[in-house]
Number of protein chains: 2
Amino acid sequence: MRYPPRHKESTRARLLELSGTLAKKDGFASTGVDALMAAAGLTSGAFYSHFRSKSELLEAIVESELGRSLELLTGKTNEQLVVVLKSYLSASHVDDPAQGCAVTSLSTEVARSSLQTKQVFERMMVAMKDELSKHVSGHSAAWVMISQMVGAVMIARAMASEQSRNDLLEAVMQQCQEMIR
Amino acid sequence: MRYPPRHKESTRARLLELSGTLAKKDGFASTGVDALMAAAGLTSGAFYSHFRSKSELLEAIVESELGRSLELLTGKTNEQLVVVLKSYLSASHVDDPAQGCAVTSLSTEVARSSLQTKQVFERMMVAMKDELSKHVSGHSAAWVMISQMVGAVMIARAMASEQSRNDLLEAVMQQCQEMIR
DNA sequence: GTCTATAGGTAGATAGAC
DNA sequence: GTCTATCTACCTATAGAC
């Protein structure tokens with residue numbers, strides 16, 4: 001072998017990290033294979049020794065990105081969770097999609113993707129709902145909380161003024177806190 | 001003039017209707033000018049006598065689509081509003097984005113668009129919030145309701161199983177009904 | 001207002017050398 | 001595993017005829 005044994009998996013991990021960031025920023029459809037590989041310091045031909053197709057990449061991004069989000073929700077006290085939620089509903093999260101939650105950035109594209117990708121997405125969302133349900137009054141309340149958090153960040157990002165963004169984010173944060181008590 | 005006086009505005013209206021449908025189904029970025037004009041029975045050159053650029057088209061779509069959504073919320077009794085919300089949180093809305101709400105389908109792309117487009121989006125969202133606030137306990141509650149409805153449909157569309165979709169949609173619908181009482 | 005033709009660019013994907 | 005080269009298809013946008 002001309003490359004060290006761990007080379008392939010580390011390159012793959014690097015591509016996942018990088019493509020996740022690019023897709024959250026510009027959209028998955030607008031993230032070209034050429035541009036991704038160039039950003040990784042490679043050429044486009046090498047992409048296909050890591051992923052069979054671009055749609056397989058989306059599936060891997062969803063697994064990787066939502067897995068990380070799930071970790072952020074896991075094993076928290078109520079107080080710790082409130083800190084996480086405040087960070088989620090913050091201006092800095094709204095202003096920096098690239099470092100933020102993939103559900104908010106990519107779910108419309110997941111909705112248009114393969115069944116497999118949707119299954120991965122669902123598995124992760126259900127796990128997040130189960131985790132949140134430990135802090136609120138049941139599974140229904142957990143679904144409601146997830147929906148309003150994701151919806152709020154999405155809508156805030158598409159509105160122009162700081163005023164409207166803040167009104168929206170504060171309203172939802174207050175509601176989340178009431179649900180946890 | 002070789003064309004009747006109303007020709008231009010009626011063609012523009014047709015293009016708006018059609019491009020709105022296509023963009024909600026496939027995403028705005030994936031909706032090519034060629035494909036749009038071909039679907040309208042025209043050729044791509046004619047596009048630019050109606051819109052200066054593709055990004056101006058998005059602005060017009062947001063105005064047109066969200067204007068229609070706003071109308072659906074306007075002047076309802078509590079009972080009539082519940083019917084609208086049930087339809088919004090229905091399986092058929094989840095399964096048919098092309099005929100559905102543009103906020104759910106296009107907001108991530110609006111978030112990546114021009115300031116002008118975001119301003120149009122914001123104006124429409126604030127108007128919807130004001131309308132909803134007549135049915136719930138204040139403007140904060142209206143923002144919360146909008147967020148959870150939009151988030152719920154987006155997440156439901158990206159999940160694979162009917163079971164999870166229904167759990168989510170029913171949870172949010174129940175919460176909406178409690179907010180209206 | 002719409003047509004054809006075309007510009008210049010980029011998309012996803014494959015073949016074969018090393 | 002990564003390279004270069006290349007294919008076909010599509011993209012946004014413009015020019016000029018009718």
Side-chain angles (χ1 to χ4, degrees), chain A residues 1-62 106 108-110 112-114 116-117, chain B residues 1-23 25-62 106 109-110 112-114 116-117:
Chain A
M1 258 204 201
R2 299 174 53 214
Y3 297 87
R6 293 277 184 75
H7 187 88
K8 177 162 184 176
E9 58 188 281
S10 90
T11 299
R12 189 189 144 101
R14 205 157 48 89
L15 290 177
L16 269 183
E17 163 81 25
L18 198 49
S19 60
T21 303
L22 290 173
K24 286 188 288 181
K25 182 161 66 76
D26 302 325
F28 180 73
S30 302
T31 300
V33 173
D34 274 352
L36 163 63
M37 298 305 280
L42 300 174
T43 54
S44 71
F47 175 82
Y48 295 92
S49 53
H50 296 280
F51 305 98
R52 261 187 254 169
S53 66
K54 207 195 165 192
S55 81
E56 196 182 280
L57 171 65
L58 180 58
E59 188 184 330
I61 288 175
V62 169
L106 299 180
T108 55
E109 296 188 281
V110 173
R112 296 174 191 124
S113 73
S114 71
Q116 281 187 5
T117 302
Chain B
M1 257 202 200
R2 299 174 53 214
Y3 297 88
R6 293 276 184 75
H7 188 88
K8 178 162 185 177
E9 59 188 281
S10 90
T11 300
R12 189 189 144 101
R14 204 155 51 89
L15 290 177
L16 269 183
E17 163 82 25
L18 198 48
S19 60
T21 303
L22 290 173
K25 181 161 67 77
D26 302 325
F28 180 73
S30 302
T31 300
V33 174
D34 273 352
L36 163 64
M37 297 305 281
L42 300 174
T43 54
S44 71
F47 175 82
Y48 295 91
S49 54
H50 296 280
F51 306 97
R52 260 187 253 170
S53 65
K54 206 196 166 192
S55 81
E56 196 182 280
L57 172 64
L58 180 57
E59 189 184 328
I61 288 175
V62 169
L106 299 180
E109 296 188 282
V110 172
R112 296 173 192 124
S113 74
S114 72
Q116 281 188 6
T117 303

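Chain identifiers are assigned alphabetically (A, B, ...) following the order of the sequence lines, protein sequences preceding nucleic acid strands; residue numbering begins at 1 within each chain.
For C/dC3, one of the phosphate oxygens OP1 or OP2 lies less than 4.0 angstrom from a side-chain nitrogen or oxygen of B/Thr43. The side chain of A/Ser44 contributes no N or O atom lying less than 4.0 Å from OP1 or OP2 of C/dA13.
For the atom pair CD (B/Glu109) and CD (A/Glu109), the distance works out to 7.0 Å, reported to the nearest 0.5 Å.
With rounding to whole Å, A/His7 atom NE2 is found 8 Å from D/dT2 atom C1'. With rounding to whole Å, A/Arg6 atom CZ is found 17 Å from D/dG1 atom C1'.
Contacts between residues 23-38 of chain A and DNA chain C, defined by a heavy-atom separation under 4.0 Å, are made by A/Thr31, A/Gly32, A/Val33, A/Asp34. Of all the residues in residues 45-53 of chain B, B/Gly45, B/Ala46, B/Ser49, B/His50 reach under 4.0 Å from DNA chain C with at least one non-hydrogen atom.
One N or O on the side chain of A/Ser10 and one on the backbone of A/His7 form a donor-acceptor pair closer than 3.5 Å.
For A/Lys8, the side-chain atoms get nearest to D/dG1 when compared with the rest of C/dG1, D/dG1, D/dA13.
Within the 4.5 Å cutoff, the side chain of B/Leu16 has heavy atoms near those of the B/Leu57 side chain. Side-chain contact check for A/Met37 versus A/Leu42: some heavy-atom pair is nearer than 4.5 Å. Within the 4.5 Å cutoff, no side-chain heavy atoms of B/Gln116 are placed close to those of B/Glu56. Side-chain contact check for A/Leu22 versus A/Phe28: every heavy-atom pair is 4.5 Å or farther apart.
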**Asked** side chain to side chain donor-acceptor pair (under 3.5 Å) between A/Asp34 and A/Ser44: does it pass, once the steps are laid out?
**Response** CA-CA 5 Å; A/Asp34 274 352; A/Ser44 71; 3.2 Å; yes
